[in-house]
Structure formats: structure tokens, C-alpha cells
Amino acid sequence: MTSSPHASDAEDLTIREAGQADLLAVFRIEKAVFPQPWPFASFEQFLGKPGFLVATEDGAVVGYAIADVTTSAGRDLGHLKDIAVHPTAQGRGIGRALLRRVLLSMAVAGASVVKLEVRESNDIAQSLYDDVGFERVRRVPGYYDDGEDAYVMVLDVADWRG
Ligand SMILES: CC(C)(COP(=O)(O)OP(=O)(O)OC[C@H]1O[C@@H](n2cnc3c(N)ncnc32)[C@H](O)[C@@H]1OP(=O)(O)O)[C@@H](O)C(=O)NCCC(=O)NCCS
């Protein structure tokens, strides 16, 4: 993986597990960036789980990622369910840093492969996922409620454990 040319912009970034006090800020970002945001209660159910991370700058939540690991057909599969950066903080390397940390947390939790779904039109997210090494494995017609197709992308993280 290459490092972001913007990484130095996010020098004072902290990435840590999410807590109850972060939920409102997370939910506000979710509503600001997604046409079909998750309801607040969806975030509560991931509290205390290692795959729910927030990025903070000067104590303010500027982004988050949510992932989990489940066992399927005898292997542990990671699933990146949600990742977002506040609109005013985008383009400074925060999304890339969050993605790397959440992928690492899934690898440490035992995942050998991580999958995600991304809107066909979401060129920015796809550019990030491509750059990290994700590959498109299929297209799911009408995956989103508004009828847009999704790409399913996967990444082998078995050797991320070091
Ligand atoms: C996708 C998202 C999380 C990326 O976070 P970010 O902090 O803006 O991204 P970064 O600054 O770390 O950039 C990482 C890479 O994303 C891509 N990218 C970021 N902004 C971009 C832009 N304006 N145009 C094209 N590519 C862009 C580039 O590949 C970039 O790598 P580079 O810096 O080496 O060029 C953020 O744009 C976002 O929250 N989008 C709305 C929510 C969303 O779509 N989530 C993904 C759902 S699948």
C-alpha cells in the first residue's frame, strides 16, 4: 500500500475504539454523508466491539469505521460495514488511516479476508479501496434502497497480522 500524500495533514489524528459519548457525533457525520443513513440505534449495537473505531482531532470526532468478523464456511470473514469522514475533514488522509486501522483490527480478530459493498457511483471510496488493494468480485444489481448497484470488493488481510 502506498502512503497518502496528505498523511502529514492528519498528524494529530487519534484513532481509538468508539464510546457512548461519541455516538451523537458519529450519527451526525452519517447523516451528513449518506443519502440513506443508518438509524442511531444501529451504532449503539456496535459499542464495545473492536471494529467500531473513531478518528478524533483535538478531541472532536471527525470520522469513524465499523466492521465485524463472522465465521462463514469455516473461515473468519471481516465485513467493513460503514466508514465516513466529516465533509469538512475529507481529503486529508483520515479515511485512509481509519481504513488501515479497521483492517488491522479485523486481521487481529482472526479475519483472513475482508469484504465490503460500495455504491457503483462512489468513485472516491472506490479509489481508496483500489489503492489499498481491494478487488471487485461481483456487482449486485439494486443493492441499495434507491436501486443503485453495489460492487462487492474483497481484500486478503491474512498477512496483516505480521
Ligand atoms: C470515502 C471517505 C471515507 C474517504 O475519506 P477521506 O478522509 O476523504 O480520504 P483520504 O483523504 O484518506 O483519501 C484516501 C484516498 O481516497 C481517494 N480520494 C479522497 N478524496 C478524493 C477526491 N476528492 N477525489 C478522488 N479521490 C479521492 C484517493 O484515492 C485518496 O488517496 P490519495 O490521498 O492518495 O489521493 C470519505 O470521502 C467519505 O466519508 N465519503 C462519504 C462516505 C462514504 O462514501 N463512505 C464509503 C462508503 S462505501
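Ligands are counted one by one from 1 in listed order, and the atoms in each one are counted from 1 as well.
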> Taking atom 45 (N) of ligand 1 as the point of reference, which of Asp123, Ile83, Val62 owns the nearest heavy atom?
Replying inline: Ile83
> Of the choices Gly63, Gly93, Pro87, which has the non-hydrogen atom that lies closest to atom 11 (O) of ligand 1?
Replying inline: Gly93
>> Could you work out, with side-chain hydrogen bond (donor to acceptor under 3.5 Å, both in side chains) as the rule, every residue matching Arg161, not counting sequence neighbours?
In response: none
> Do Val157 and Leu116 share a hydrophobic cluster, counting only Ile, Leu, Val, Met, Phe, Trp and Tyr and linking them when any side-chain heavy atoms are less than 4.5 Å apart?
Replying inline: yes
> Less than 4.5 Å apart, any side-chain heavy atom of His86 and any of Ile94?
Replying inline: no
>> I need the contact type for Asp130 against ligand 1. Using non-hydrogen atoms and a strict under-4.0 Å cut-off, is it side chain, backbone, both or neither?
In response: neither
> For the residue pair Phe46 and Lys81, what are the closest heavy atoms and their distance?
Replying inline: CZ-CD, 3.7 Å
> Would one find an N or O of Phe34, backbone or side chain, under 3.5 Å from an N or O of ligand 1?
Replying inline: no
> Are the side chains of Phe52 and Leu47 in touch, meaning some heavy atoms are under 4.5 Å apart?
Replying inline: yes
> Hey, does Val85 come in under 3.5 Å of ligand 1, counting only N/O atoms on both sides?
Replying inline: yes
> If hydrogens are left out, which of Val118, Ile124, Ile94 has an atom nearest to atom 23 (N) of ligand 1, that is, the closest non-hydrogen atom?
Replying inline: Ile124
> Do Val54 and Leu99 share a hydrophobic cluster (ILVMFWY, side-chain heavy atoms under 4.5 Å, transitive)?
Replying inline: no
> Tyr129 to ligand 1: N or O pair under 3.5 Å?
Replying inline: no
> Going by heavy atoms in the side chains, are Glu17 and Lys49 under 4.5 Å from each other?
Replying inline: no
> How close do Glu117 and Ala150 get, heavy atom to heavy atom, and via which atoms?
Replying inline: CB-CB, 4.3 Å
> Which one holds for Tyr151 and ligand 1: side chain close, backbone close, both close, or neither close, with close meaning a heavy atom under 4.0 Å?
Replying inline: neither
> Under a 4.0 Å heavy-atom limit, does Glu117 contact ligand 1 with its side chain, its backbone, both, or neither?
Replying inline: backbone
>> I'd like to check which ligand 1 atoms, numbered from 1 as shown, lie under 4.0 Å from a non-hydrogen atom of Gly91.
In response: 6 (P), 7 (O), 8 (O), 11 (O)
>> Geometry only, no angles: is Arg92 polar-contacting ligand 1 at N/O separations under 3.5 Å?
In response: yes
> Applying the 4.5 Å side-chain criterion to the ILVMFWY set and letting contacts propagate, would Leu98 and Leu103 be lumped into a single cluster?
Replying inline: yes
> Which ligand 1 atoms are under 4.0 Å away from a heavy-atom of Ala84?
Replying inline: 39 (O)
> Out of Gln90, Arg96, Met153, who gets a non-hydrogen atom closest to atom 37 (O) of ligand 1?
Replying inline: Gln90
